[in-house]
Every structure is written in structure tokens, then in C-alpha cells.
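Reviewing the structure listed below.
Just so we're on the same page: letters track the sequence lines, and every chain starts at 1.
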Protein chains: 2
Amino acid sequence: MNNIIKNHTGRSRTATLEDVAREAGLSPMTVSRALNNPKVVRPATIARVMEAVNVTGYIPNMLAGGLATSRTKLIAVVVPQINNNMFVDTVQAISDALAARGYHMLLCIVGYEPESETEIVATLLSRRPDGIVLTGIHHSSDLKRIILNANIPVVEIWDLTPTPIDMLIGFSHEKVGNAIGEYFLGKGFTRFGFICASDRRAVVRKNGAISVLRSQPGTEIREMMVSLPANMEVGRTALKEMISGGERFDAIICSSDTLAQGVIMEAEAQGLRVPDDFSVIGFADLNFAAHNRPSITTVSVDKWDLGIKAASMLADRIEGIPVEEPILDTGYRLVIRESA
Amino acid sequence: MNNIIKNHTGRSRTATLEDVAREAGLSPMTVSRALNNPKVVRPATIARVMEAVNVTGYIPNMLAGGLATSRTKLIAVVVPQINNNMFVDTVQAISDALAARGYHMLLCIVGYEPESETEIVATLLSRRPDGIVLTGIHHSSDLKRIILNANIPVVEIWDLTPTPIDMLIGFSHEKVGNAIGEYFLGKGFTRFGFICASDRRAVVRKNGAISVLRSQPGTEIREMMVSLPANMEVGRTALKEMISGGERFDAIICSSDTLAQGVIMEAEAQGLRVPDDFSVIGFADLNFAAHNRPSITTVSVDKWDLGIKAASMLADRIEGIPVEEPILDTGYRLVIRESA
DNA sequence: TTGTAGGCGTTATCAC
DNA sequence: GTGATAACGCCTACAA
């Protein structure tokens, strides 16, 4: 199992179906069948093929296969970032679920403000993926056109709309914001500080909360936009600035748990206590939120499940299995802990 | 720019070079050149081609292109996990650097104990990537064989050995451990607790520290292995168990900053103070380490730079640019902060 | 159950 | 500067 095959120039090249066929004394087509559709091949023949595969060290060429069948077992996944803890679980879940069904993941990390999502997706499509996962629901009409033209299933994730390109799984950021607003209104709070990352969906959540809070007369709101990535340091800095003028708040509403953790750190550094001096709420229920001190009140979204389901929907669709619910609202859960 | 091309069955299909050629009144070969090697084509011809590309909505087929050229502009990346904060920066850096040079990333997340790394890599190789990134230096001889047979550049990352498969960029986990041991010996500490994730490289770091600490008579060491993923909760639980018998330590040595953060949380929950009651050290200098309260003493490794360089080495090699140093030690830095 | 012919969409190579 | 031809490695469709 180490024969190096040479081409006419004497340079080694990788084995092809034809090499395997020659070794096994069969036609390439029979070898192909033995590998991809063994049911229709006599067991003894399969054995000969396997033997020859080992001898030649054959590794199929999916470029050729994909070209011939127009099926690549490749899924393109487009996300803004993975190192901010927000999408990484979803991506890992997608990867796991795809692997389990025999697909590979072409991952494209494009940032929150891709110069041209359309161009990026076009180059991705040049690999002829069997399906594609897009983060969010705001895409240019050019993007939609090329993707429809490619004629492959699409899943948009992490948001909700009645008019997705194709399939969709996510939740309503506005409703998440509403829920946060209602929770604090119920507590009778009136003075709010928002620390919001400059990410479109974070802004929608913020506005969702504000619209509820504003329904109550006398509500005071201070908003602060912070740059991405929204890490702990950013949270600390933001709180510092927010309270530097002596202004005080009943609650600080952060667009992520990471910011919330930073806010809590900074509060304690300044001798303030959460939730005694003010409440803090985050978003996403990242893995540390439940175990922080104080534990972080947040809105949980099922990041893992969302990824698994996105992958399943795509794989089902590709394989001709009907997708019962092409638009899935995964909802959210307000998780009340110590910080608010 | 919306013409839908039909094939003989009447089903729409994506435009090919030939469709573009027909539209432009040129041969497919000229269109191909206009797109890939415009220097050798007359400007007026290029303009006609571009026009036709727009009209037909042509998106190149890299399967066909790759098959013809045996260059795919695809890099396969194999990592154990991305949702534990350890590798995610490196992966994002690789992705960024590859994108900048026109490559796509096929990301495969295999877990810490892949059933068969060899098989996984074999399926990856069936995509005929131009290069491959492997995490770690321990690979089966089968794996090495198929990868050498594929005859593509390889970069192993996150570890060091004088005998890599091909190229290598990383650091010595043993030396990291040694440095931790020496730091604490220098402080005159004698009672150590290790909280170590069940990850091969973490164990090497632990043993590196222990071998130094043992050189000092009277050293007491308690070791605890914890399961992956090594998140904050695991750190808290581990410390709880570790001190439940009343045992006390001068320092707790954690295999990651996330564990260290959990240990610090739990310590404070129990009314113990870090570093007053005991010191805590982590590993990796994750983004929160510097901003935690207390800030976390750790060993910093340049996760981002490592990814950038890994990608550059691969791309250089693929493109025929000589790689000056195929084995790169990125080193490490003991970063002394408040926790130890 | 196995084999043959032709094509998938592109590019290398050689002509013009 | 442009075009014709023949691969690249595999699979569909049909024949045996």
C-alpha cells in the first residue's frame, strides 16, 4: 500500500480511478460503483477493488466527482465573526451536524460590515456548494439574485423575517429587546444605560427595549455605542465613561454577556455593587453567564440547537427530504439571575 | 443581467464559459484568458467579455478549474475545537490571512480525540486542497503517508518538534510549563494544585511545571484532571472539590485562563481572596485575562500571529515563494498580573 | 453484474 | 491576440 504512481514525465501523481481499475483488473466504472454504490456490485468484486484501493493509496477526487454529478457535499457558511463568543457555538454545531451527514464546511468569516457580501458569496458559489448558510436577513438584491440563480438551498440564521430568501432559523431581536424592556418596567426602574455594540442586530434589540421603556413616562435613557469586538475590556471602559459624570442608573443593558461581565467587573472595581447599586443584563447566555459572580441575568437563545437545525434543514433539502418548517422561530428565554 | 440559461431539458442551469463566449462572440478560451490572465488579452476584448459576464450572470466553476489546473485555492484546516476560546483566534487569523490571498478555508473541527484523524484528513484531501493546517504534532504514520502522498504543503501549529511533517509554527508546551514552575519556585511556594484539562498539550504543560517544581524538596503537588470543554463552570467545580477537604495551596495552576477565571470566582464565593490566600495562574492570555478582577497571571502565546504566519507560510509555499523558516518557534511570555 | 461512450466546465498547449 | 483540441477524473446512460 505504497505504490507511487508516476505520470509520463516521471513525476509522481495521485492515483485515479483508472489506476485502481488497472490494479484490480476491472473497468473504472466498476470501481466507481464499488465505492459509491456497493449494493449493485458483487461482493468478490468489491473485495478486489478495496484491495486495489489500498495498494494504490487511492483518494477520490471530489472535484471531478462534483463536476460530474453537480453535487459537492460542501456547505458554505458565512458568519460575521467567531472570536466574540456569539456565533462560535452555532458554527461548531453546524460543523458537527454537517460532518455527521457527510458534508464539509467552507467557512467564511466576513466581519460585521463586509465590503461586499455579494462578491464574497459569489466566490463561494464558484465552489458549487450544495447549500449555504448566511447570517442575518439583510442582503442586497444582487446577493439574492446570484443565490437564487445558483439554485441551491439557503438558510438564513440568527434573525427572523416573514420573507427569507429560502429557509430561515432564528429569533426576533426586537422581541428580545421588548422582553428586556418589560422586565425592567415591571421592576419600576426609570434610569437606564445602554451599552450597545455597533452591530445591526444589537441595535434592533436595544431599540426594542427602548420602545417599551419609553412607553412609561419619566423614563431616562442614556445610550452608548461601543466598537466591536465587544469584549470585557470594552464593557469596563464603557461603564467607566458612563458613570464618570456622576450619573446613576437603575439598570445597565448590554448587548452581550461579555459586555455585561465587563460592566460588573468595573462596577466592583469602583466600589459599586451589582445588583445593589444597579442591575446589569446581558445577552446570549454565554457559557460563563450562569457561573459569574454575580451570575448574569441575560436572554438565552439556543445557539447550539440553531446550528444543528440549520444544518439539518439544509441537508434534508439537498437530499430531497421535505423540510416541514422552513421558517423556524427558536425563540428566546429571559434568564433571571443575580445581576438583575 | 438576468438571462436564465436553459439546458436541453429546459431546466435552468448556471452559465458556463461557453455561454459567455457565445454572448461575447468569442471562444471560451479567450473568455478564460480575459478573466484569469487579462494581460494577454486586448482591452476591447476584455470589455466585451465583462459585458457578457454581466449579461449571463456567469460564476466560474472552480471544480472544473481545479480539475484542469490542480490548483484549488482551498486550504483545509483541522482543529480540535473552536468554542473553548483557545483556537478561535488562530482560526480567525488563518481565515483572514487566507482570504486576503484569495484562498478559501475548509474548516474541520474534529474534537480532541478524533476517532480517526487519518480518515478525516483523507476525506479532506479528496477536495484536493492546495495546503493543509493541522493542529498539533502527533499524527499517525498513516496520516503522514497520505499527506506526503498528496504532495501538498502542510503546516502543523500550536506545538513544536524538530521533525514536523513539513512546516511548523508553534511553541513548546513543556517550556511553558517549566516557566510556570520556575516562577513559583522563585516565590518560594511549596503547595501546588493543578487543574488540568484532559488535552494532551495541557498535560505536557502540567508535567513541564511539575518536573521543575519537583526539583525542590518538600514540594507538595495535587493534580486534578478535568473534562473538556474547560469552561468557567469546570474551573469553579474543580476548585471547590480541591479545597473541600480543607487542603490549602500556595498556587493553583490551571491549564487555561477560563479555568483560572472560574477558580477565582469560586475562591471569592468561598470567601477566599486571590492572590492573598493563594495564587492562580492560567494559560493563553485570553482576552478577558488582563481585565478580570483580579487580573489573571498567565502565559501568553501569540495566537493571532501564529495563525497569520501559518497561513502565510502555506500560501508562500503554494505560490512558489521560498519559506525562509519552515519551523517557527513563536515562543511564549509569562505575563505577571494580580492573580499570581 | 460489468463495461463503453460521452460529457461535466475549465485550462495547457499548440496553431494561426 | 485569439482559437481549436485535448486533457483533468469522475459519473450518467446505455449496452452487453
Between [X] and [N], is there a side-chain N or O to OP1/OP2 distance below 4.0 Å?
| X | N | answer |
| --- | --- | --- |
| B/Ser27 | D/dG3 | yes |
| B/Asn36 | C/dT11 | yes |
| A/Ser32 | D/dC10 | no |
| B/Thr45 | D/dT2 | yes |

Protein-nucleotide distance ([X], atom [atom1]; [N], atom [atom2]), rounded to Å:
| X | N | atom1 | atom2 | result |
| --- | --- | --- | --- | --- |
| A/Met62 | D/dG9 | CE | C1' | 13 Å |
| B/Leu67 | C/dT10 | CG | P | 12 Å |
| B/Leu26 | D/dA4 | CG | C1' | 14 Å |
| A/Arg128 | C/dG9 | CZ | P | 8 Å |
| A/Arg71 | D/dC10 | CZ | C1' | 12 Å |
| A/Glu18 | C/dT4 | CD | P | 11 Å |
| A/Arg127 | C/dT10 | CZ | C1' | 14 Å |
| B/Asn37 | C/dT13 | CG | P | 13 Å |

Which one, [options], comes nearest to the side chain of [X]?
| X | options | value |
| --- | --- | --- |
| A/Ala68 | C/dT4, D/dC11, C/dG9 | D/dC11 |
| A/Met29 | C/dG3, D/dA4, C/dT1 | C/dG3 |
| B/Arg42 | D/dG9, D/dT2, C/dT11 | D/dT2 |
| B/Val41 | C/dG3, D/dG9, D/dT2 | D/dT2 |

> Through what angle, rounded to 10 degrees, does the axis of the helix from C/dT1-D/dA16 to C/dC16-D/dG1 turn between its ends, using five pairs per end?
Replying inline: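 If I round to tens, the end axes sit 30° apart.
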
>> Reading DNA chain C from 5' onward, which residue's closest nucleotide shows up sooner: B/Arg33 or B/Ile59?
In response: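 Whichever sits nearer the 5' end wins; that is B/Ile59.
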
> Counting distance only, does the side-chain N/O of B/Thr161 pair as donor-acceptor with the main-chain N or O of B/Ile137 below 3.5 Å?
Replying inline: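 No: the side chain of B/Thr161 does not pair with the backbone of B/Ile137.
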
> If you look at every strand shown and take non-hydrogen atoms under 4.0 Å, does A/Leu17 touch a base, only sugar-phosphate, or nothing?
Replying inline: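 Since only primed, P, OP1 and OP2 atoms lie under 4.0 Å of A/Leu17, the category is sugar-phosphate.
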
> Heavy atoms under 4.0 Å, any strand shown: does B/Pro60 hit a base, just sugar-phosphate, or nothing?
Replying inline: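 Result for B/Pro60 = sugar-phosphate.
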
Does the side chain of [X] pick up a donor-acceptor pair with the side chain of [Y] at under 3.5 Å?
| X | Y | value |
| --- | --- | --- |
| B/Thr118 | B/Ser116 | no |
| B/Thr56 | B/Asp19 | no |
| A/Thr30 | A/Ser27 | yes |

>> Using 0.5 Å steps for rounding, measure from the NE2 atom of A/His104 to the OG1 atom of B/Thr123.
In response: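 So the NE2 of A/His104 and the OG1 of B/Thr123 are separated by 3.0 Å.
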
>> Within this structure, what is the CD1-OG distance for the pair A/Ile152 and A/Ser70, rounded to the nearest 0.5 Å?
In response: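 With rounding to 0.5 Å, CD1 (A/Ile152) is 12.5 Å from OG (A/Ser70).
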
> Charged N to carboxylate O below 4.0 Å: is that the case for A/Asp316 and A/Arg101?
Replying inline: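 Salt bridge: yes.
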
> Going by heavy atoms in the side chains, are B/Thr330 and B/Trp158 under 4.5 Å from each other?
Replying inline: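 Not in contact.
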
> Does B/Thr69 or B/Arg48 map to a spot on DNA chain D nearer the 5' end, using the closest nucleotide for each?
Replying inline: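 Its nearest nucleotide being more 5', the pick is B/Arg48.
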
